*Asks:* 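This is the structure I have questions about; it appears just below.
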Number of protein chains: 2
Amino acid sequence: MTDTIFDGHDHGRCQGMALDAVDAQCAARGLRLTPVRRDVLEILLKSHRALGAYDLLDELKARGHKAQPPVAYRALDFLLSNGFVHKIEQRNAYVACCQPGKAHAPGFMICRGCDLVAELPSPDPQDSVMVAARQIGFAVERTVVEAEGLCPACKREEEEA
Amino acid sequence: MTDTIFDGHDHGRCQGMALDAVDAQCAARGLRLTPVRRDVLEILLKSHRALGAYDLLDELKARGHKAQPPVAYRALDFLLSNGFVHKIEQRNAYVACCQPGKAHAPGFMICRGCDLVAELPSPDPQDSVMVAARQIGFAVERTVVEAEGLCPACKREEEEA
DNA sequence: CGGCATATGTTACTATATAACATTCTTCGC
DNA sequence: GCGAAGAATGTTATATAGTAACATATGCCG
Ligand SMILES: [Zn+2]
Ligand SMILES: [Zn+2]
Ligand SMILES: [Zn+2]
Ligand SMILES: [Zn+2]
C-alpha cells in the first residue's frame with residue numbers, strides 16, 4: 001500500500017470522498033455544514049496542505065465572504081471538534097482529515113519541501129508514548145504526533161542540487 | 001522504574017544534575033551559558049512545567065534583568081538549538097530537558113491537571129509513525145510527540161470530586 | 001407569527017513571535 | 001594594553017495567531 005499523497009494519488013477522488021463522508025456524518029448527526037464551514041473544508045481539502053487561519057481567511061474573502069478572524073476560527077472550531085479537520089501544532093496550521101467520521105487519534109508526516117501533509121492511517125497503542133503512559137498510570141486523553149522531514153520527491157530534488 | 005516527576009522524585013537532585021550536565025556540555029563544546037541563558041534554564045528546571053516565553057520574561061524581570069521579548073526568545077533559541085530545552089508545541093511553551101547533552105528526539109506526557117511535564121526516556125524507532133515513514137521513503141528529521149492527559153494524582157483527585 | 005437556539009458580523013483586544021538596528025561585552029591578534 | 005571582529009544584549013517597532021464581547025441574522029419549532 002503506497003497510496004499516500006506523496007506519490008501520485010487520485011486527488012480529485014480523495015477530495016470528493018472526504019466531502020461526501022463529511023456530508024453523510026453531518027446528516028447523520030444533525031450537524032449544520034453551513035456555507036462558511038463547507039468553504040473552509042473545501043479549501044483545506046483542495047490543497048492537502050496545512051494552512052494558517054489567516055490564509056483561510058484570505059481564501060474566504062476571495063470567495064465573497066465577509067471575513068474577520070473570528071469567522072475563520074469559528075468554522076475551524078466546528079470542523080475540529082467534529083473531527084473533520086486537524087491542527088498541525090508545530091505550524092499553527094490546519095489540515096483536512098482523510099478519514100472523517102471514523103474516530104481516531106491522528107498522526108502526520110509533514111514535508112518541509114512541498115508542505116504536503118500525509119495523515120497516518122491510525123496510531124498504534126504499542127507506540128512508546130502509550131506504553132510509557134500505561135506503565136506509570138498516566139491517562140492519555142489526546143496525542144500530538146507529527147514527523148517533519150522530506151518526502152521522497154523533495155529528497156530526490158535536494159540530492160540533485 | 002517509576003522515577004518520573006509524577007511520583008515523589010528528588011527534584012532538587014534532578015535539577016542540580018541537569019544544570020551540571022549543561023555546564024559540562026557548554027564547557028566541552030565552547031558554548032557560553034551567559035547569565036540570561038542560565039536564568040532561563042534555572043527557571044524552567046525549577047518548575048518542571050512548560051512555561052510560555054512571556055512567563056519567562058516576567059521571571060527574568062523579577063531577577064533584575066532588563067527584559068523585552070527578544071531577550072527571552074534569544075535565550076530560548078540558544079537553549080533549544082543546543083538541546084537543553086524543548087518546546088511543547090501544543091502549548092507554545094518551553095520545558096527544560098531531563099537528559100541534556102544526550103542527543104535525542106524528545107517525547108512528552110503533559111498533565112492538564114497540574115501542568116507537570118514528563119519527558120520520555122527515548123523514542124522508539126518501532127513507533128508507528130517511524131515505521132510508516134520508512135515504508136514510503138519519507139525522511140524524518142524532527143518529531144513532535146506529545147500526550148496530554150491526567151497524571152495518577154490528578155486522576156485520583158478528579159474521581160473523588 | 002413569536003420565541004429560542006444557533007450561526008454570523010464586527011470591534012477591539014490579548015498572546016506569541018520576529019525584524020531591524022544600536023550598544024555593549026569577549027576574544028584574540030598585535 | 002589596544003583595537004578590531006564577532007557574539008550577545010538592549011530597544012523599538014511590528015508581524016502573526018487567537019479570543020472576548022456584543023450586535024445582528026438565520027433556522028427551527030410550536
Ligand atoms: Zn483524521
Ligand atoms: Zn515534499
Ligand atoms: Zn530532552
Ligand atoms: Zn497532574
Side-chain angles (χ1 to χ4, degrees), chain A residues 22-23 25-27 29-44 49-82 84-95 110 115 144 146, chain B residues 22 25-27 29-44 49-82 84-95 115 144 146:
Chain A
V22 171
D23 275 332
Q25 276 286 314
C26 286
R29 287 156 54 195
L31 303 172
R32 294 171 54 192
L33 191 60
T34 62
V36 203
R37 293 169 177 175
R38 183 169 243 274
D39 276 354
V40 168
L41 181 60
E42 277 180 11
I43 294 164
L44 290 177
R49 288 175 165 80
L51 299 179
Y54 285 75
D55 299 331
L56 287 167
L57 209 49
D58 290 342
E59 266 297 310
L60 284 177
K61 279 176 195 156
R63 295 185 177 210
H65 291 274
K66 303 289 181 61
Q68 251 35 55
V71 172
Y73 280 103
R74 283 192 289 231
L76 285 170
D77 279 348
F78 170 85
L79 295 166
L80 285 167
S81 61
N82 290 293
F84 303 147
V85 156
H86 303 293
K87 179 169 187 182
I88 304 295
E89 297 287 351
Q90 65 174 271
R91 299 201 168 190
N92 297 320
Y94 306 85
V95 71
I110 304 146
D115 284 321
V144 174
E146 302 172 356
Chain B
V22 170
Q25 277 286 314
C26 287
R29 288 157 54 196
L31 303 171
R32 295 172 50 192
L33 191 61
T34 62
V36 202
R37 293 168 175 176
R38 182 168 244 274
D39 276 354
V40 168
L41 181 61
E42 275 180 12
I43 294 163
L44 289 177
R49 289 174 165 81
L51 299 180
Y54 285 75
D55 298 331
L56 287 168
L57 209 49
D58 290 343
E59 265 297 308
L60 283 178
K61 280 176 195 158
R63 293 185 178 209
H65 293 272
K66 302 291 180 62
Q68 250 38 52
V71 172
Y73 281 102
R74 283 192 289 231
L76 285 170
D77 278 348
F78 170 86
L79 295 167
L80 284 167
S81 61
N82 290 293
F84 303 146
V85 155
H86 303 294
K87 179 168 185 182
I88 304 296
E89 298 286 351
Q90 67 176 271
R91 297 202 170 188
N92 297 320
Y94 306 86
V95 71
D115 284 319
V144 173
E146 302 172 357

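Naming: A, B, ... by sequence-line order, numbering from 1 per chain. Small disclaimer: the values here were computed from a predicted structure and weren't measured.
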*Asks:* To the nearest angstrom, how far is Asp58(A) atom CG from dT16(D) atom P?
*Replies:* 11 Å
*Asks:* Report the residues that fulfil salt bridge (Lys or Arg N to Asp or Glu O under 4.0 Å) with Asp58(B), sequence neighbours left out, ordered by chain and then residue number.
*Replies:* none
*Asks:* Which value, rounded to the nearest 0.5 Å, describes the distance between Leu56(B) atom CG and Arg63(B) atom CZ?
*Replies:* 10.0 Å
*Asks:* Tell me, for nucleotides 23-30 of chain D in 5' to 3' order, what letter each nucleotide earns: B for a base near a protein heavy atom under 4.0 Å, S for only sugar-phosphate near one, - for neither?
*Replies:* ----S---
*Asks:* Hey, can you pull the residues of residues 60-77 of chain A with a non-hydrogen atom under 4.0 angstrom from DNA chain C?
*Replies:* Lys66(A), Gln68(A), Pro70(A), Val71(A), Arg74(A)
*Asks:* Do Arg38(A) and Asp23(A) touch side chain to side chain, with heavy atoms closer than 4.5 Å?
*Replies:* yes
*Asks:* Report the residue (Ala53(B) or Val36(A)) whose heavy-atom-nearest nucleotide on DNA chain C is the more 5′ of the two.
*Replies:* Val36(A)
*Asks:* Between Tyr94(A) and dG18(D), is there a contact of a side-chain N or O with OP1 or OP2 at under 4.0 Å?
*Replies:* yes
*Asks:* Contact boundaries of DNA chain C with chain A (under 4.0 Å, heavy atoms), 5' to 3'?
*Replies:* dT6(C) to dT11(C)
*Asks:* When rounded to the nearest 0.5 angstrom, what is the spacing between CD in Gln25(A) and CZ in Phe84(A)?
*Replies:* 5.0 Å
*Asks:* Nearest heavy atom decides the nucleotide; on that basis, is Thr34(B) or Asn92(B) closer to the 5' end of DNA chain D?
*Replies:* Thr34(B)
*Asks:* Out of curiosity, Leu51(B) CG to Asn92(B) CG, how far, rounded to the nearest 0.5 Å?
*Replies:* 13.0 Å
*Asks:* Atom CZ of Arg38(B) and atom P of dA8(D): how far apart are they, to the nearest Å?
*Replies:* 16 Å
*Asks:* In whole Å, I'd like the distance from the CZ atom of Arg91(A) to the P atom of dA17(D).
*Replies:* 12 Å
*Asks:* Would you give the length of the straight line joining atom CG of Leu44(A) to atom CD of Glu59(A), rounded to the nearest 0.5 angstrom?
*Replies:* 10.0 Å
*Asks:* Tell me the closest heavy-atom pair linking Ala93(A) and Gly52(A), and the distance in Å.
*Replies:* CB-N, 4.0 Å
*Asks:* Only Watson-Crick and G-U wobble pairs with both distances less than 3.5 Å should count. Give DNA chain D in dot-bracket notation, marking inter-strand partners with |.
*Replies:* ||||||||||||||||||||||||||||||
*Asks:* Can you list, pair by pair, the side-chain donor-acceptor contacts under 3.5 Å of residues 66-79 of chain B, counting residues two or more places apart and other chains?
*Replies:*
none

*Asks:* Out of curiosity, Glu146(B) CD to Gln90(A) CD, how far, rounded to the nearest 0.5 Å?
*Replies:* 9.5 Å
*Asks:* Working to the nearest 0.5 Å, report the span between CD1 of Ile43(A) and CG of Asp55(A).
*Replies:* 10.0 Å
*Asks:* Restricting to non-hydrogen atoms, name the atom on His65(B) and the atom on Asp39(B) that form the minimum distance, rounded to 0.1 Å.
*Replies:* NE2-OD2, 2.6 Å
*Asks:* Would you mind reporting whether Ile110(A) and Arg91(A) have side-chain heavy atoms less than 4.5 Å apart?
*Replies:* yes
